[in-house]
2 protein chains.
Amino acid sequence: MGDTAVMTPSAPTRGRRPMSDRRRWLQRLEISRAAIRLFAEQGVTETTGEQIAEAVGLSARTLWRYFRSKESCVEPVLSLTTDAFVETLRRWPTGTALEEHLVADHRPPEQDGEASLAVVAMSRHEPALRAIWLVVYERAEAVLAEVVAERLGREPDELAVRVQAATLAAALRITTEDIAADCADGRTRPREEGLARLSEAVRSATHGVVGDVPA
Amino acid sequence: MGDTAVMTPSAPTRGRRPMSDRRRWLQRLEISRAAIRLFAEQGVTETTGEQIAEAVGLSARTLWRYFRSKESCVEPVLSLTTDAFVETLRRWPTGTALEEHLVADHRPPEQDGEASLAVVAMSRHEPALRAIWLVVYERAEAVLAEVVAERLGREPDELAVRVQAATLAAALRITTEDIAADCADGRTRPREEGLARLSEAVRSATHGVVGDVPA
DNA sequence: CGATTTTATGGCACTCTCTGCCAAGATAGC
DNA sequence: GCTATCTTGGCAGAGAGTGCCATAAAATCG
């Protein structure tokens with residue numbers, strides 16, 4: 001009762017402070033960029049963990065402290081695209097159609113959009129990258145469930161809400177894969193077409209159910 | 001024109017025949033069962049590839065010819081559950097509601113149902129198993145796309161069809177995860193309740209759109 | 001039957017991934 | 001300065017997974 005700082009189990013005010021979450025996130029992102037560049041240049045199997053570490057000026061030992069496998073190094077950059085979707089959905093005003101909001105408001109990540117698409121394209125023939133890609137999207141499902149739940153005035157752990165979130169995630173994922181495939185095969189596309197596809201996918205996935213708040 | 005057996009690039013009628021697909025499939029299934037048993041008994045990281053190989057009377061070298069990683073050994077058993085879903089959907093008569101057909105007709109795999117659920121339960125804390133699980137379901141999406149396409153009289157590669165298939169797959173996957181979680185936490189459940197959940201998930205995912213053939 | 005061809009398997013050596021352990025460097029308050 | 005806490009690197013090691021080659025198992029042909 002009279003304790004001062006027992007709330008947090010670790011409250012040492014002495015010695016070096018642990019790396020901030022922000023800084024750790026940046027470090028992982030930088031590693032991710034380097035790894036993707038190497039994967040694209042020389043292939044995944046031809047790239048060793050030591051090369052990735054060297055590219056960002058770290059030792060291999062430290063690299064394995066940031067990532068549990070060399071393939072999972074692509075995760076932070078991939079997460080940027082799912083995060084962008086989630087943020088767009090957070091800004092989605094009630095009373096408007098989801099598809100129109102996506103077209104009007106969604107912006108893919110500024111700097112890493114191409115790198116992200118490159119990974120998705122590589123994942124077509126690299127099972128390990130495929131697995132990472134799917135795991136990243138599954139993590140997005142949980143966040144989308146919160147958004148959908150708030151939207152519908154229900155709880156995030158309800159089965160119907162989770163299914164709806166997964167449905168939404170699947171639509172976004174498949175569209176992204178589609179665009180990445182075209183992009184990798186040299187077919188360039190205007191961004192309006194990508195958003196149009198996105199809109200179509202979301203429409204056929206939701207059938208307007210989350211488009212407006214029901215009673 | 002006058003050639004006799006040039007149609008197939010490999011038509012040697014001499015020497016030992018390659019292992020039949022069926023036999024190879026059985027061998028992979030047997031390995032899968034042994035691996036899952038070991039994973040459940042002593043954990044994934046504590047189980048070595050050599051142990052899995054030994055459990056089925058193979059050398060480690062041969063094991064790596066059947067599976068590319070020790071985690072992927074669980075794949076054949078997991079596929080049994082997705083295959084069961086796909087087969088149920090194939091038997092789905094036109095003009096009936098999908099949910100009712102599932103409740104009336106679906107039977108999970110006879111022998112490996114529990115093992116499969118055990119893997120799904122383990123996958124909550126084992127990222128590698130999680131990845132396999134997601135990949136297995138993604139493969140099911142492609143097959144479901146064919147079923148949905150035929151059902152709707154459209155093409156399997158259409159975006160809307162693929163999204164619909166992915167939606168269906170997500171509903172099945174999440175419900176299975178739900179059941180596996182309850183099962184692993186000791187909460188036993190009658191199979192009717194599982195099917196009821198399945199039905200609810202499918203309903204909230206499809207909104208009856210694939211329930212009947214539209215014009 | 002043996003000779004021959006093709007495939008499946010096993011053994012060995014090897015690289016690479018990833019971890020545990022400890023020492024050294026960095027940052028903070030005393 | 002001293003001390004505490006955290007980060008990093010180096011090193012050794014277990015395990016994953018592969019290439020290579022020898023051998024065993026099927027199958028056909030003579």
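Convention: sequence-line order gives letters A, B, ...; per-chain numbering from 1.
At whole-Å resolution of the value, CD in A:Glu46 and P in C:dC16 are 11 Å apart. Between the CD atom of A:Gln51 and the P atom of C:dC16 there is a distance of 9 Å, given to the nearest Å. Distance CD (B:Glu54) to P (C:dG10): 12 Å, rounded to an integer number of Å. Atoms CD1 (B:Ile52) and C1' (D:dG17) sit 13 Å apart, rounded to a whole Å. One atom, CZ of B:Arg28, and another, C1' of C:dA8, lie 16 Å apart when rounded to the nearest Å. One atom, CG of B:Leu63, and another, P of D:dG15, lie 15 Å apart when rounded to the nearest Å. When the P atom of D:dT7 is taken as reference, atom CD of A:Gln27 falls 12 Å away, rounded to whole Å. Atom P of nucleotide C:dC18 and atom CD of A:Glu50 are separated by 13 Å, given to the nearest angstrom.
A:Glu99 places none of its side-chain heavy atoms less than 4.5 Å from the side chain of A:Leu198. Looking at B:Leu168 and B:Leu89, their side chains come closer than 4.5 Å, going by heavy atoms from C-beta outward.
One finds the CG atom of B:Leu80 at 9.0 Å from the CD atom of B:Gln111 (value rounded to the nearest 0.5 Å).
Between the side chain of A:Ser79 and the backbone N or O of A:Glu75, at least one donor-acceptor pair lies under 3.5 Å. Listed for the B:Thr47 side chain is a donor-acceptor partner under 3.5 Å among the backbone atoms of B:Gly43.
The aromatic rings of A:Phe85 and A:Tyr137 are tilted relative to each other, their planes meeting at an angle between 30° and 60°.
Distances shown here put a side-chain N or O of B:Thr62 below 4.0 Å from the OP1 or OP2 atom of C:dG10. One finds a side-chain N or O of B:Tyr66 lying less than 4.0 angstrom from the OP1 or OP2 phosphate oxygen of C:dT9. Regarding contacts with the backbone of C:dG10, a side-chain N or O of B:Ser59 is found under 4.0 angstrom from either OP1 or OP2.
Along DNA chain D, the nucleotide nearest to B:Gly49 and the one nearest to A:Met19 differ in position, and the one closer to the 5' end is contacted by A:Met19.
Applying the side-chain hydrogen bond (donor to acceptor under 3.5 Å, both in side chains) test to pairs two or more places apart or on separate chains, those with a residue in residues 114-132 of chain A are A:Ser123-A:Arg130, A:Arg124-A:Asp185, A:Arg130-B:Glu138.
The residue B:Thr47 sits close only to the backbone: its heavy atoms come under 4.0 Å of sugar-phosphate atoms, none of a base.
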For nucleotides 19-29 of chain C, give me one character per nucleotide, 5' to 3': B if any protein heavy atom sits under 4.0 Å from the base, S if the only such contacts are to the sugar-phosphate, - if neither. BBB---BBBBS

